[in-house]
Asks: 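Dropping the structure in here first, questions after.
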Amino acid sequence: MKKQDIIFGIHAVEALLRNAPERIIELWALQGREDERVLPLINSATQFGVSVQRSSRKVLDDKSASSQHQGIVARVKPAKILTENDLDVLLEKTDQAFLLILDGVTDPHNLGACLRNADAAGVQGIIVPKDNSVGLTATVSKVACGAAETIPLFQVTNLARTMRHIQQKGVWIIGAAGEADCELYQADLKGSLAIAMGAEDKGLRRLTRESCDSIVSIPMAGSVSSLNVSVATGICLFEAVRQRKA
């Protein structure tokens with residue numbers, strides 16, 4: 001069984017039941033667990049005709065390849081892979097885009113945390129390169145706490161080309177990098193916007209950086225020279241939220 005066909009964790013399974021129950025093939029629940037967090041999921045799955053099996057913790061550990069499953073594991077049909085064409089459909093439906101671009105984020109915990117930040121900030125979609133980037137794995141879904149089932153993730157063949165394409169459709173792209181002259185809080189983050197964030201260790205790649213309309217930095221007061229990508233993403237997204245609500 002492929003790991004990417006497994007979803008685990010209460011929030012991830014709950015979001016799947018709410019948004020795409022037809023993707024769930026079968027559900028495993030921890031034997032003897034009947035509390036108010038797991039029981040509604042079991043009842044909901046049963047209502048959708050999903051087979052529910054009671055299993056030991058060891059079985060759940062093995063099926064999820066993790067001990068962090070919270071007593072609930074689902075085998076699912078793979079999510080539809082969204083591409084540049086799907087991104088065009090999204091842009092046609094909105095007057096003011098709010099997107100996140102992640103360039104080469106390979107750590108599933110970081111992608112999951114970025115998805116959760118994006119969902120909280122009201123981001124309409126996340127754009128990632130098809131290669132050299134983590135996809136929607138079971139760990140990503142667990143860390144995202146349900147956001148992986150609600151935020152569209154667009155996997156594109158050529159990130160720089162996609163960036164130029166959305167710029168032609170009126171989206172302003174701001175990249176984050178430590179050595180930028182302009183600070184985040186001086187930038188105008190209103191209007192149709194995409195925020196581009198770099199990988200955990202290397203930051204934005206050269207072509208990605210050159211494809212941005214402007215580059216900003218997060219002001220750092222201490223001795224630490226950089227932030228985790230998911231933390232930096234949250235800071236940038238919510239500064240945009242603050243400005244857009246002002």
Side-chain angles (χ1 to χ4, degrees), residues 1-83 85-90 92-94 98-100 102 108-109 111-128 130 133-155:
M1 189 181 299
K2 296 177 183 177
K3 279 180 68 178
Q4 62 263 37
D5 293 336
I6 291 291
I7 296 290
F8 61 86
I10 288 170
H11 292 295
V13 173
E14 182 182 42
L16 201 60
L17 282 164
R18 185 172 60 247
N19 296 290
E22 70 282 355
R23 285 183 53 208
I24 301 181
I25 300 168
E26 57 185 322
L27 197 70
W28 296 279
L30 183 62
Q31 205 162 28
R33 182 164 182 182
E34 302 284 348
D35 60 71
E36 60 185 15
R37 298 188 75 194
V38 167
L39 200 56
L41 302 182
I42 294 171
N43 293 337
S44 179
T46 302
Q47 289 172 4
F48 285 116
V50 175
S51 169
V52 179
Q53 300 180 45
R54 300 289 188 164
S55 304
S56 68
R57 183 172 297 279
K58 169 106 176 34
V59 169
L60 298 185
D61 288 353
D62 291 345
K63 289 190 180 297
S64 63
S66 170
S67 61
Q68 306 299 312
H69 46 69
Q70 299 177 303
I72 197 88
V73 179
R75 183 162 69 94
V76 302
K77 299 172 185 174
K80 177 180 179 282
I81 295 175
L82 302 177
T83 65
N85 293 335
D86 300 295
L87 180 57
D88 275 345
V89 172
L90 172 68
E92 287 168 7
K93 290 180 178 178
T94 182
F98 188 23
L99 303 170
L100 173 63
L102 297 176
H109 292 88
L111 178 58
C114 287
L115 279 160
R116 192 172 179 181
N117 286 336
D119 179 73
V123 167
Q124 297 155 340
I126 297 177
I127 303 169
V128 300
K130 192 175 293 183
S133 178
V134 65
L136 288 178
T137 67
T139 300
V140 170
S141 292
K142 169 66 173 62
V143 175
C145 291
E149 283 65 53
T150 58
I151 295 284
L153 185 77
F154 302 95
Q155 296 178 299

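Everything quoted here is computed from the prediction, not taken from an experiment.
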Asks: Mind checking side chain to side chain contact (heavy atoms under 4.5 Å, CB included) for L90 and listing every partner two or more places apart, or none if nothing turns up?
Replies: L87, L99, Q124, F154
Asks: Where do S55 and W28 come nearest, in terms of heavy atoms and distance?
Replies: OG-CD1, 3.4 Å
Asks: Testing the basics here: between G135 and V140, what is the closest heavy-atom pair and its distance to 0.1 Å?
Replies: O-CG2, 3.4 Å
Asks: Any idea which heavy atoms bring D119 and A147 closest together, and the distance?
Replies: CB-CB, 3.7 Å
Asks: Of all residues at least two apart in sequence or in a different chain, which pass the side chain to side chain contact (heavy atoms under 4.5 Å, CB included) check with S133?
Replies: V128, P129
Asks: Of all heavy-atom pairs between A113 and V143, which one has the smallest distance, and what is that distance?
Replies: N-CG1, 3.6 Å
Asks: R18: which residues meet the side chain to side chain donor-acceptor pair (under 3.5 Å) condition with it, sequence neighbours left out?
Replies: none
Asks: Would you say R57 and H69 make side-chain contact, with heavy atoms under 4.5 Å?
Replies: yes
Asks: Check residues 37-51 and write down every donor-acceptor pair under 3.5 Å in which the side-chain atom is one partner and the other belongs to a residue at least two apart or another chain.
Replies:
| from | atom 1 | to | atom 2 | distance (Å) |
| --- | --- | --- | --- | --- |
| N43 | ND2 | L39 | O | 3.4 |
| T46 | OG1 | I42 | O | 2.8 |

Asks: Out of curiosity, N19 CG to T150 OG1, how far, rounded to the nearest 0.5 Å?
Replies: 6.5 Å
Asks: Using side chain to side chain contact (heavy atoms under 4.5 Å, CB included) as the criterion, list what pairs up with A12, not counting sequence neighbours.
Replies: I7, S141, E149
Asks: Working to the nearest 0.5 angstrom, can you tell me the gap between I72 CD1 and I10 CD1?
Replies: 7.5 Å
Asks: Which residues pass the salt bridge (charged side-chain N to carboxylate O under 4.0 Å, His left out) test with K80, not counting sequence neighbours?
Replies: D86
Asks: Partners of R33 by salt bridge (charged side-chain N to carboxylate O under 4.0 Å, His left out), sequence neighbours excluded?
Replies: D35
Asks: Quick one: pull up CG in L16 and CD1 in I24 and give me the separation to the nearest 0.5 Å.
Replies: 4.5 Å
Asks: Hey, could you give me the CZ/CG distance between R54 and L27, rounded to the nearest 0.5 Å?
Replies: 9.5 Å
Asks: What are the two closest non-hydrogen atoms of F8 and A138, and how far apart are they?
Replies: CE2-CB, 3.5 Å
Asks: Please report the closest heavy-atom contact between Q70 and G9, naming both atoms and the distance.
Replies: OE1-CA, 3.4 Å
Asks: The criterion is salt bridge (charged side-chain N to carboxylate O under 4.0 Å, His left out); which residues satisfy it with D61, sequence neighbours excluded?
Replies: none
Asks: For the atom pair NZ (K130) and CD (Q155), what is the distance rounded to the nearest 0.5 Å?
Replies: 7.5 Å
Asks: Does any part of the side chain of R75, heavy atoms only, come nearer than 4.5 Å to the side chain of K63, both counted from C-beta?
Replies: no
Asks: Among residues at least two apart in sequence or on other chains, which ones pass side chain to side chain donor-acceptor pair (under 3.5 Å) with Q53?
Replies: E26
Asks: Nearest 0.5 Å, please: how far is CD1 in I25 from CG in D5?
Replies: 6.5 Å
Asks: List for me each residue that meets side chain to side chain contact (heavy atoms under 4.5 Å, CB included) alongside K58, sequence neighbours excluded, and say none if there are none.
Replies: S56, D62
